Amino acid sequence: MLSFYKMKRTLFLLIFSFFFSFNVFGQDIPVAPYLPAQSGADSSSTPITVQYPHEKMTVSRGAKKIFLFGKLNLKDPVLDINGEKIPIHKNGAFIAFLPVENGDFEFLLTAQSEGQTYQAKRTVVVPGMPIKKLFEKAEFDPEEVYPQTPVELVPGDLIELSVRGTPRTEVSYTLSGLKGAKNIIMKEDSSVPGVYRAKYLIAQDQKPKTVKVTYRMQHAPGNTKAKITAPGRIKILDSKNPFTTAEITLPGIKLRKIPVKKENLYPFYRAYGRVQLNGLSNGLYRIALNENESAWLEADRLKIRSFGGYEENYINEMSSAVTDAKTRLSFQGLREVPIQVQEFNDRFELTFYYTRGFGENYSLDTTSPVVDSVEWVYPAKDTVKFIIHFKKDVSLWGHGYDFENGTLLLDLMHKPLLSPQKNQPLKGARILIDAGHSPKRTVPYDGAVGPTGFLEYEANLALAQDVEKLLKEAGADVIMTRRGNNHISLQGRYNKAIKENAHIFVSIHYNALPETLNPLSRPRGYSVYYNYPHSLPLAKAVYEAFNRYVPLPDNGLIANDILFIPRIPQFPSILVENAYIILPEQEEMAQDPAGRAKFAKAIYQGILDFYYPKPAVVQKKNTKKRSGRRRSKPRF
């Protein structure tokens, strides 16, 4: 009888809660709208909008917090998200950095305005098993077990094992058939509870074998146990003949430092021709360049050859030719091979791999305004490095390279001349202004978006047009990659610059962050990116102009070998992040013509200072003697 009354009481509470919720809110909580829902004329009447993250967006695996931003179209509102009060900018925009949990996670936004309550929700997907489930019993997350895909390694390589499961338990690994690799205890990562790691060094005398990886867990809640076998297998190659031959399908592609498919690019390696492979991990093959150097490349950028082994290269001859625009050095070889290209202020280094030597037949055109001398060394077996020394006090404008029937053509660019006139100091300059990204009003966008729905491609174009006007008034020939709603790829921007003989390349952007980084953790503002030494003077001039004209935090002059535009080598190429469009006050500045004028002024003045650098101010030492005794402390 008692249990019957308990059931009635529970049922009453459930019904009461339902009707209370219905009476307070009147209806189910709606999903917060975002572009393109805000494109309509009535967008300003939507009480709560969330521009990022978009609905059902999958965020980064392992995320503990992410940022969320949008706008309230309400009078004097107060905002709460999942119980946390959120500051609101004067135009109604907001940004917050909030906790999330694995699985489908919901943000509940509650706004108060003029005695009314408004609610909206935004759901994101956090990959991985919900952490609460992992605390209930011994369990592994099958999506976070290494390896997920086939792995190939050689004796002497290190296997880095990892698995995610119930925190604060005992986890061990077993590598089938390997010595000293049975039930080895792993260590829990103190910074990521529930992630267990270990390392195993493959013995140098290990014979070829395919290895299965098994993980076991014990001492979990309820004294439960768990076991899981990784879906991928580890194949240990024959140390005497570990190589597979493959063809590069995208000549000149950059290589990666570690087997991951994003970033971690080597700044100087370029892959051409046939290569030797001796490893596989995470869908990337390891390319053995010589006995000391290796790098990684995605499997879909390689075509495995079922026949044919190692084929060496040989440089028969080196020669040079000079035109007004450049000095060209030709290295006549037998085939295309991976190379390393590295530019310094006083020299250029070019390394050929799979190349047994140089015939020492060479001729240099002494009329080159750039090249002084060339030497060569052999840093490793089947590796030849050429060192091209520049003439004293001569700066390289840029460089380019490509293979042509086995011959590498290296172009060292000369500085183009201006023809300035009165009130037109940039006459003769051909300046490419690139409005970053292309129009796309559906998620995921091409570029970032601000809290009010201002898309980065729109902001970039508005500023690019402001800069274009200033440059044209100064006499420059301005090349624009975008006008209106035209779409253009990164490669298309590069091709346009080459085709139209641009002298410098300035790409205009507004910044954002990965969703797991806290945008409020430190001051954020402008930054200028470059890669090669010949781009540094332009980058520095623009950066210093931002210091003078833009009232935002200085986030630095940054050497970057990841972004595409700064890696364009033929001429000075930079990328300018004017502000953080995800921050309400900086998005507002980008929308306001007066605010935008500060960015335009800085970019224009920086370009002008690059072409006409101001002499460094040398402060003379004050040798005049002062009378009186020296004070031990300053007087205020």
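Here the structure is a predicted model, which means the values were calculated and not measured.
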Would you say the side chains of [X] and [Y] form a donor-acceptor pair under 3.5 Å?
X: T383; Y: Y354; value: no
X: R524; Y: S521; value: yes
X: Q340; Y: Y353; value: yes
X: N183; Y: T174; value: yes
X: S191; Y: D189; value: yes
X: H534; Y: E343; value: yes
X: D434; Y: S507; value: yes
X: Y580; Y: N511; value: yes

Check: [Y] and [X] side chains under 4.5 Å, non-hydrogen atoms:
X: I562; Y: P267; result: no
X: E139; Y: T224; result: no
X: E515; Y: M57; result: yes

Less than 4.0 Å between a side-chain N and a carboxylate O, is that true for [Y] and [X]?
X: R256; Y: E263; value: no
X: R328; Y: D411; value: yes
X: D446; Y: K440; value: no
X: E312; Y: R335; value: no

Determine, using ring centers only, whether F331 and F352 are less than 6.0 Å apart. yes
Near-ring test F358/F386, centroid separation under 6.0 angstrom: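 Yes, the ring centres sit under 6.0 Å apart.
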[atom1]/[X]: more than 12 non-hydrogen atoms of other groups inside 6.0 Å:
X: K254; atom1: NZ; result: yes
X: K391; atom1: NZ; result: yes
X: F97; atom1: CZ; result: yes

Using the side chain to side chain donor-acceptor pair (under 3.5 Å) criterion, which residues pair with D372? Sequence neighbours excluded.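 If we apply the side chain to side chain donor-acceptor pair (under 3.5 Å) test to D372, skipping adjacent residues, there are no hits.
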Which residues share a side-chain contact (heavy atoms from CB on, under 4.5 Å) with E291, sequence neighbours left out: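 For E291, the residues satisfying side-chain contact (heavy atoms from CB on, under 4.5 Å) (neighbours in sequence not counted) are A380, K381.
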Output yes when a side-chain donor or acceptor of K207 lies under 3.5 Å from a complementary backbone atom of S239, and no otherwise.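 Not a single qualifying donor-acceptor pair exists.
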